[in-house]
Amino acid sequence: MAPQWDKALVKIARSHDPEALPLDDRMLIYDKRTITIYDKFAKAKYHFLVLPRIPFHASSSKPALSSQGAPTLSASNGKLNFGATSSNSVPASHMKSISTLLASPYAAEVLEALREASDRVIEHITKDMQEQYGTTWDIERAFHAVPSMEHLHLHVVSMDLVSDRLKHKKHFRSFHPTVGFALRLDDVEAMVKAGRRTLPKSEAAYEQLLKGPLMSHHTGQTFKFFPELKAHLEAYWRNSILAPSRTSAGDAAITTSLKRDAVEQESGASASPSDQPPSQLRRLDTPKASVKEASDSEDDEPSLPFR
DNA sequence: GTTCTAGAAC
DNA sequence: GTTCTAGAAC
């Protein structure tokens, strides 16, 4: 009965036809081995999840050379698989989380598929940023060290971290690029290359990381109250990420000619600061035109820079 | 994972 | 006041 929310990604990963996924799941792209969906509770302007599909067919006939492996049996069906024969797939149990994947001989191969797919996702995001805002900014690829939903998912998330769904400290810190809870794809790949089969810290230690201070990943400032951090993130995004892209040289003319447009946008969006899904907001012809005017409030930094 | 509620703690 | 922690969710 309990609606198993934690199995939602498993169901998506098992989909035979990603095109036929429920509208609610908002599929972005898919290929033979991965499916990418919009995060249902996006914690930034752009936030996608890249999942390895089930079954995940290994391309090589054998998993990576087991450094010291007893003859393995597939955890999924309990049957012995004798090497090179036709279809061997990565057991779903290996893809429950980044932790189980690390222990799997298929780790490198699954990561490779996620990397390739996420490259395409980043292309998509970058293009949309350019169209919507006339500039681009940081995008991170990372796994949560301790996920709450079953099935491996790579977060692809823009580092503005501006979203009304970002509601708690643990949300913020779980994506913070230096806190350590978010395990970047590059780092995980390096672990696999180095032969690591477990994460460096315990689950409890990772969870502790979520309890630290509210420190901006942009400026290093710490905030006492979550709403202050939220205001900072929003202000930084508008004033330091978006605004600089239109400050220089030839933009004067453009700015002038587009002033009316910008004003319209401003008033139109005043009620609800643009928080709609980015991909549905394409309407302007000129990339530069879509840059939102930074408006009046120059600097609404909180009064408590420290502690 | 989210939403909601409650009380304790700062 | 806001944050933190905990529990329930048919």
Side-chain angles (χ1 to χ4, degrees), chain A residues 1-15 21-28 34-54 92-93 95-101 114 118 121 140-158 161-176 179-183 199 202-217 221-235 272 275-277 300-307:
Chain A
M1 145 179 357
Q4 301 188 70
W5 54 264
D6 59 323
K7 298 289 197 300
L9 298 182
V10 178
K11 297 188 68 172
I12 294 170
R14 287 189 186 280
S15 170
L21 278 169
L23 268 154
D24 202 39
D25 290 331
R26 304 243 291 145
M27 192 269 297
L28 176 72
T34 69
I35 297 177
T36 299
I37 57 169
Y38 289 72
D39 190 297
K40 200 168 181 176
F41 301 94
K43 302 303 190 298
K45 293 295 176 187
Y46 299 86
H47 188 176
F48 298 94
L49 306 178
V50 187
L51 324 179
R53 295 177 70 169
I54 305 172
S93 62
M95 299 188 289
K96 278 175 137 48
S97 68
I98 190 55
S99 196
T100 63
L101 186 73
L114 296 180
S118 63
V121 176
E140 288 279 348
R141 288 185 270 198
F143 303 95
H144 279 166
V146 185
S148 8
M149 290 201 291
E150 187 174 316
H151 196 62
L152 185 67
H153 49 289
L154 176 67
H155 291 271
V156 182
V157 56
S158 59
L161 297 181
V162 171
S163 164
D164 58 357
R165 312 316 296 262
L166 190 101
K167 296 180 174 179
H168 304 291
K169 179 162 74 176
K170 67 176 179 183
H171 290 153
F172 174 69
R173 289 184 61 91
S174 76
F175 290 105
H176 196 291
V179 158
F181 187 89
L183 307 173
L199 292 178
S202 70
E203 196 166 299
Y206 281 115
E207 282 167 344
Q208 274 307 112
L209 295 177
L210 299 176
K211 311 213 170 178
L214 295 169
M215 187 181 75
S216 167
H217 59 298
Q221 285 173 287
T222 64
F223 300 88
K224 181 137 182 139
F225 300 112
F226 197 72
E228 292 172 345
L229 171 69
K230 296 270 295 175
H232 161 78
L233 292 173
E234 167 76 23
S272 63
D275 232 342
Q276 285 81 2
D300 37 304
E301 290 304 68
S303 48
L304 302 171
F306 296 98
R307 189 121 187 139

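Just so we're on the same page: letters track the sequence lines, and every chain starts at 1.
Nearest to the side chain of A:Lys167, among B:dG1, B:dT3, C:dC4, sits B:dT3. Taking the side chain of A:Pro227 as heavy atoms from C-beta on, and the options B:dT3, C:dT2, B:dG1, the nearest nucleotide is C:dT2. Considering only the side chain of A:Phe225, C:dT3 comes nearest among B:dT3, C:dT3, C:dT5. With C:dC4, C:dT5, B:dT2 as the candidates, the nucleotide lying closest to the side chain of A:Lys211 is C:dT5.
A:His171 comes within 4.0 angstrom of the backbone, heavy atoms only, and of no base. A:Lys7 comes within 4.0 angstrom of nothing in the nucleic acid, heavy atoms only.
Atom CG of A:Leu210 is separated from atom P of B:dG1 by 9 Å (rounded to the nearest Å). Rounded to whole Å, atom P of C:dA6 lies 15 Å from atom NE2 of A:His168.
The only member of A:Phe41, A:Phe175, A:Tyr38 that meets ring-ring contact (aromatic ring centres under 6.0 Å, His included) when paired with A:His47 is A:Phe175.
In summary, A:Lys230 and A:Asp164 do not engage in a salt bridge, as defined by a charged side-chain N under 4.0 Å from a carboxylate O.
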- Return one dot-bracket line describing DNA chain C 5' to 3' (Watson-Crick or G-U wobble pairs, both distances under 3.5 Å; ( ) same strand, [ ] crossing, | another strand, . none). |||||||||.

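For A:Lys170, the NZ atom counts as loosely surrounded, since its 6.0 Å shell holds 12 or fewer non-hydrogen atoms of other residues, nucleotides or ligands.
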